[in-house]
2 protein chains.
Amino acid sequence: MDEDPVKFEPVTAVRAYERVVEQVEHAVLTGRLVPGERLPSERELMTQFGVSRSTVREALRVLQAGGVVRSRPGDPRGPEVLAPSPATLRKSIHRLARAEHMGLAELLQFRMLLEGSAYLLAAHLRTAEQLERMTDALEAMRRHVDGGEGDDAAFGEADLAFHDAVAHATQNPLVVACAEVVRDVALELIEDKLAHADDRRAVKRKTVAHHAEMLAAVRDGEGERACLLARRALHDYYAEYVPAERRAMLEPFLGSP
Amino acid sequence: MDEDPVKFEPVTAVRAYERVVEQVEHAVLTGRLVPGERLPSERELMTQFGVSRSTVREALRVLQAGGVVRSRPGDPRGPEVLAPSPATLRKSIHRLARAEHMGLAELLQFRMLLEGSAYLLAAHLRTAEQLERMTDALEAMRRHVDGGEGDDAAFGEADLAFHDAVAHATQNPLVVACAEVVRDVALELIEDKLAHADDRRAVKRKTVAHHAEMLAAVRDGEGERACLLARRALHDYYAEYVPAERRAMLEPFLGSP
DNA sequence: CCTAGGCTACTGGTCCGACCAGCATACCCG
DNA sequence: CGGGTATGCTGGTCGGACCAGTAGCCTAGG
């Protein structure tokens with residue numbers, strides 16, 4: 001017989017600052033500390049936790065790196081508890097992207113995966129109000145197609161608002177955050193190439209046409225079609241910037257034709 | 001006329017430890033520092049950077065929290081540069097999940113979204129070797145269906161290996177990492193409920209049947225079918241644990257029937 | 001009376017010096 | 001020659017100190 005009932009877990013020396021982090025994080029997670037609230041000052045914390053200021057500061061650094069709190073020098077109200085944001089998710093993905101030598105191909109594939117399915121969900125789950133937001137965004141895009149420099153930014157914002165409305169229609173904050181992050185990181189990779197694209201106006205017009213189609217599909221509850229349209233639109237815009245030998249990994253998303 | 005050509009950006013005081021973090025992170029990102037390599041000791045770093053040890057330590061804390069580096073007390077070789085891992089991605093998603101009051105419904109929806117499309121990709125992109133890995137994993141699952149306690153773990157491992165092979169077939173590390181993380185976080189939410197599930201053996205048999213179907217679809221390049229099967233399988237397993245009033249957000253993934 | 005200005009009491013950021021426990025190696029003694 | 005110990009390093013923690021900011025009070029000037 002094998003006697004294994006006694007299981008010893010490997011002991012890990014838990015550093016003092018880690019326990020400070022745990023306590024603060026736990027308080028935030030359980031709602032005992034609410035975003036906007038203030039932590040006691042470092043000197044106050046060091047008496048409450050019974051540790052030195054160095055330890056308190058290292059804990060605060062970790063929390064700050066995790067996007068949980070923010071410290072401002074000279075603020076008598078103490079460190080601020082932050083609202084959760086995808087900022088740290090963004091950094092994680094960013095780092096992972098660079099570390100795994102991921103290129104535009106992988107990011108674009110992931111974006112096609114994510115947004116395509118998001119449109120599928122949106123077509124079935126969207127509320128009337130969300131549909132209205134998409135319509136408004138599309139209108140705004142139309143208004144800024146023919147403008148000059150200034151309108152470029154406005155067009156981009158409207159575009160973003162459209163995608164954001166779709167993501168929200170999934171009712172899933174994780175989809176919203178991931179879509180936003182992946183979109184940003186991907187754009188970062190090619191912003192220079194996009195900057196001096198040849199015919200901005202033509203591109204914008206095509207964008208509007210694509211969005212109009214997708215909006216119609218979402219409005220009519222045609223999820224599969226919306227999904228396919230979204231993936232093809234992404235492919236249309238960005239595939240040219242993907243190395244030719246890697247484009248095969250995008251094709252499964254384009255459908256049968 | 002509005003003269004805006006001169007745009008002043010808000011100046012942000014750059015803390016000393018932040019510049020230390022930047023330099024180390026940059027060295028890692030550009031490959032000048034490779035995983036497994038060692039950083040100089042804190043006392044050495046403080047002379048190289050020309051800052052105090054406190055500053056060096058705060059920088060190391062941030063890097064450590066970001067999963068870039070690990071310090072062990074008493075190690076004469078200095079802090080170790082870590083291989084990139086989804087650990088920090090995992091923590092980000094975990095935190096986001098709790099902060100946005102996300103429940104199993106959202107996690108499961110995201111997992112259906114992610115894995116479904118992953119199967120679609122896998123059906124078209126899988127290599128022969130990856131197909132073999134899936135086949136082997138399925139075989140292993142079959143072997144451990146009828147076993148007792150010990151086999152439960154083995155079955156779970158084989159199951160994981162199967163999903164992992166599928167994720168790898170997408171050729172996308174981001175898909176691999178996200179799938180792993182979301183799977184873990186979702187399981188965490190219901191591990192207790194799963195623990196005393198009624199008829200483990202019946203569940204296992206159903207699992208094997210499902211996986212066999214999906215494997216066949218992947219083998220035959222039937223992406224759409226694999227996608228649908230995967231999403232339905234996930235729904236079959238977990239939907240019962242999702243609050244009834246939230247199940248609607250999963251249904252768009254189940255197809256038309 | 002009200003306001004513009006400085007004043008003060010705090011904040012966080014950085015530095016210094018010290019001590020402790022743990023780890024690897026080299027050394028020394030049996 | 002082998003094994004245990006001595007040593008010099010490591011990171012973890014502590015305490016104290018100084019500085020540059022900020023916010024709000026508080027006063028001097030309107």
With heavy atoms of chain A within less than 4.0 Å as the criterion, where does contact along DNA chain C begin and end?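 In short, chain A contacts DNA chain C from C:dT11 to C:dT14.
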Any residue meeting ring pair (Phe, Tyr, Trp, His ring centres under 6.0 Å) with [X], in chain and number order, not counting sequence neighbours:
| X | value |
| --- | --- |
| B:Y238 | none |
| B:F162 | B:H211 |
| A:Y237 | A:H210 |

Determine, for [X] against [Y], whether the closest basic-nitrogen to carboxylate-oxygen distance falls under 4.0 angstrom.
| X | Y | value |
| --- | --- | --- |
| A:E58 | A:R61 | no |
| A:R246 | A:E106 | yes |
| A:E80 | A:R72 | no |

Got a list of side-chain donor-acceptor pairs under 3.5 Å for residues 85-93 of chain B, not counting sequence neighbours?
residue: B:S85; atom: OG; partner: B:A87; partner atom: N; Å: 3.0
residue: B:T88; atom: OG1; partner: A:S92; partner atom: OG; Å: 3.1
residue: B:R90; atom: NH1; partner: B:D184; partner atom: OD2; Å: 3.2
residue: B:R90; atom: NH2; partner: B:E188; partner atom: OE1; Å: 3.0
residue: B:S92; atom: OG; partner: A:T88; partner atom: OG1; Å: 3.1
residue: B:S92; atom: OG; partner: A:S92; partner atom: OG; Å: 2.9
residue: B:S92; atom: OG; partner: B:T88; partner atom: O; Å: 2.9

What does nucleotides 10-17 of chain D look like as a protein-contact string, B for base, S for sugar-phosphate only, - for none, at under 4.0 angstrom between heavy atoms? BBBBBB-B
